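None of the values given here were measured: they were computed from a predicted structure. Residue numbers begin at 1 in each chain, while the letters A, B, ... track the order of the sequences.
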Protein chains: 2
Amino acid sequence: MNEKTKTRSELKREAIIEAAKSAFKEYGVQATSMDKLAEIAQVSKRTVYNHFSSKEELVMYLVSDLWQKAVANVAFDYQIDTPLNEQLLTWVNYEINLICTQEYLDLSRVAIGHLFYNLSALQKEMEKLAGQTTSLQQWLKDANEHGQLSIDDIEYASFQLHSLIEGCCFWPQLTGCKPLLTEQEKKFVADETVQMFLARYQTTK
Amino acid sequence: MNEKTKTRSELKREAIIEAAKSAFKEYGVQATSMDKLAEIAQVSKRTVYNHFSSKEELVMYLVSDLWQKAVANVAFDYQIDTPLNEQLLTWVNYEINLICTQEYLDLSRVAIGHLFYNLSALQKEMEKLAGQTTSLQQWLKDANEHGQLSIDDIEYASFQLHSLIEGCCFWPQLTGCKPLLTEQEKKFVADETVQMFLARYQTTK
DNA sequence: TTTAAATTACACTAGGCAGTTTACTTAGTA
DNA sequence: TACTAAGTAAACTGCCTAGTGTAATTTAAA
């Protein structure tokens with residue numbers, strides 16, 4: 001049992017983190033008081049403050065940590081012997097499946113809701129996320145150099161790809177206007193996205 | 001002088017609305033107290049409450065009214081004798097110029113920031129906005145019927161177009177990650193958007 | 001069994017905010 | 001000029017929240 005090795009302090013800390021996660025998701029940061037949080041975590045308020053010196057520290061710990069986890073980078077390398085649309089579809093599917101998660105959406109909502117009037121902090125977090133773009137950009141570059149794509153502005157093209165995906169799978173859900181995509185809808189979006197992108201940039205042999 | 005005809009009461013009301021607009025934009029709804037607002041408007045707090053029975057009423061008045069104003073619908077009709085890319089570019093430019101306004105962004109930030117944890121209200125406001133999609137959809141339909149475009153799912157295609165634009169001109173700016181686009185950048189985005197869209201859907205004669 | 005660190009309950013500080021009440025003043029109008 | 005509708009200042013209610021101080025209790029380990 002790994003559980004047994006945890007000290008009481010560690011267990012309490014985890015309870016606090018779990019409670020914060022679920023409460024922030026459900027009510028938002030603003031509407032979750034530290035008293036309420038302590039109650040949910042079954043822990044005294046003083047203990048919360050022993051682990052996190054302020055509410056802000058707790059929030060930022062969660063946002064940074066969880067967002068980072070959610071976006072663990074995957075390798076995505078250009079393969080000369082696999083059809084282009086197949087490779088791209090793989091990437092798009094991966095991206096959709098990441099973004100179309102209740103977990104990811106909830107978290108983004110917490111972060112954005114909280115950081116909306118602290119734009120510099122929001123900006124910093126977003127930049128961390130932007131880092132993961134590179135593996136796609138490298139792929140585009142490689143495909144470009146092999147003459148399979150014809151892209152002038154790789155950064156912009158990768159942005160377009162993200163826009164096509166996020167415009168369907170992220171922003172509408174984030175603002176609560178649409179429900180999570182079904183598997184069927186995901187497939188549709190993935191196919192259409194790849195088709196549009198390649199229609200624009202694939203070279204005609 | 002139109003000003004002279006305004007009663008004192010009307011002048012006060014306008015002062016309140018102006019103050020609310022600017023304060024909400026600058027600090028957000030949450031961080032603007034009614035005391036502060038009254039002070040900015042140079043009006044007693046009681047007067048604020050005489051005009052708007054609650055803070056919420058004031059907020060919703062502004063959000064509805066101003067957002068509505070910002071999105072006054074324009075006619076956009078299919079013309080058989082004008083090149084397709086030119087027509088589409090006109091629409092895209094119009095859309096970009098609407099969305100890329102400080103006014104529109106500020107307002108959206110107020111609305112979204114305020115309504116983030118009141119998703120059903122946010123949803124309602126967003127739906128009002130969605131109404132204006134129709135003129136684009138009608139255009140797509142007409143172009144489709146004239147055999148100039150080949151679109152199966154018109155609603156989705158119009159969504160893609162919006163995504164391509166908003167992914168560049170709205171969301172990054174809303175979250176404070178990027179500055180407003182320059183005229184040059186707007187032009188670039190408009191051209192690229194039209195090109196990608198037509199690469200996907202324009203029929204090859 | 002002793003010890004030290006962590007946890008707890010709970011009272012408390014200090015401040016913020018929405019909205020109300022009251023007694024008084026101003027401005028336009030009949 | 002007198003009346004009335006509106007505005008004003010300032011104190012006040014009632015509620016909520018972040019964060020602290022402390023004395024007593026629990027826990028785990030030496």
*Interatomic distance where CD1 belongs to B:I16 and P belongs to D:dA6 [whole Å]*: 13 Å

*Side chains of B:Y156 and A:E185, donor plus acceptor under 3.5 Å*: no

*asked:* Assess the residue pair B:W91 and B:H162 against the criterion (ring pair (Phe, Tyr, Trp, His ring centres under 6.0 Å)); give the C-alpha distance rounded to whole Å, side-chain angles, the decisive distance to 0.1 Å, and a yes or no.
replied: CA-CA 11 Å; B:W91 184 85; B:H162 275 100; 5.4 Å; yes

*Provide, to the nearest angstrom, the distance between the NZ atom belonging to B:K45 and the C1' atom belonging to D:dA9.*
12 Å

*Classify the side-chain pair A:H114/A:E56 by whether it contains a donor and acceptor separated by less than 3.5 Å.*
yes

_Ignoring hydrogens, what is the shortest heavy-atom contact between A:R200 and B:Q195? Give both atom names and the distance._
NH2-OE1, 2.9 Å

*asked:* Angle between the end axes of the helix from C:dT1-D:dA30 to C:dA30-D:dT1, five pairs per end, to the nearest 10 degrees?
replied: 10°

*Have B:E57 and B:Y49 got a donor and an acceptor in their side chains that come within less than 3.5 Å?*
no

Could you go over nucleotides 27-29 of chain D and give all protein N or O partners under 3.5 Å, atom names and distances?
none

_Donor-acceptor pair present, A:K55 side chain and D:dG19 base, under 3.5 Å_ = no

*Would you say B:K187 and B:N93 make side-chain contact, with heavy atoms under 4.5 Å?*
no

*Among pairs that include at least one residue of residues 27-39 of chain B, which meet salt bridge (charged side-chain N to carboxylate O under 4.0 Å, His left out), considering only residues two or more places apart or in two chains?*
B:D35-B:K45

*Residue-level proximity of residues 46-53 of chain B to DNA chain D when a heavy atom falls under 4.0 Å*: B:R46, B:T47, B:N50, B:H51

_Please classify the nucleic acid contact of B:K12 as base, sugar-phosphate, or nothing, using heavy-atom distances under 4.0 Å._
sugar-phosphate

_Just the rounded figure in Å: distance from P of C:dT26 to CG of B:L11._
18 Å

*For DNA chain D, determine which residues of residues 23-42 of chain A have any heavy atom closer than 4.0 angstrom to one of its atoms, and list them numerically.*
A:T32, A:S33, A:M34

*Presence of B:S9 side-chain N/O under 4.0 Å of D:dG7 phosphate oxygens OP1/OP2*: yes

*Ion pair A:E18/A:K21, N-O distance below 4.0 Å*: yes

*Have a look at B:F170 and tell me which of B:L105, B:I96, B:I165 forms a side-chain contact (heavy atoms from CB on, under 4.5 Å) with it.*
B:L105

*Give a yes-or-no answer on whether the side chains of A:W171 and B:E166 include a donor-acceptor pair shorter than 3.5 Å.*
no

*Report the residues that fulfil salt bridge (charged side-chain N to carboxylate O under 4.0 Å, His left out) with A:K186, sequence neighbours left out, ordered by chain and then residue number.*
A:E183

*Rounded to whole angstroms, how far apart are CZ on A:R13 and P on C:dT7?*
11 Å

_Can you see whether B:D142 engages B:Q138 through a side-chain donor-acceptor pair at a distance of less than 3.5 angstrom?_
yes

*How long is the line joining CD of B:E14 and P of D:dA6, in whole Å?*
16 Å

*Decide yes or no for A:D153 and B:F188: does some side-chain heavy atom of the first lie under 4.5 Å from some side-chain heavy atom of the second?*
yes

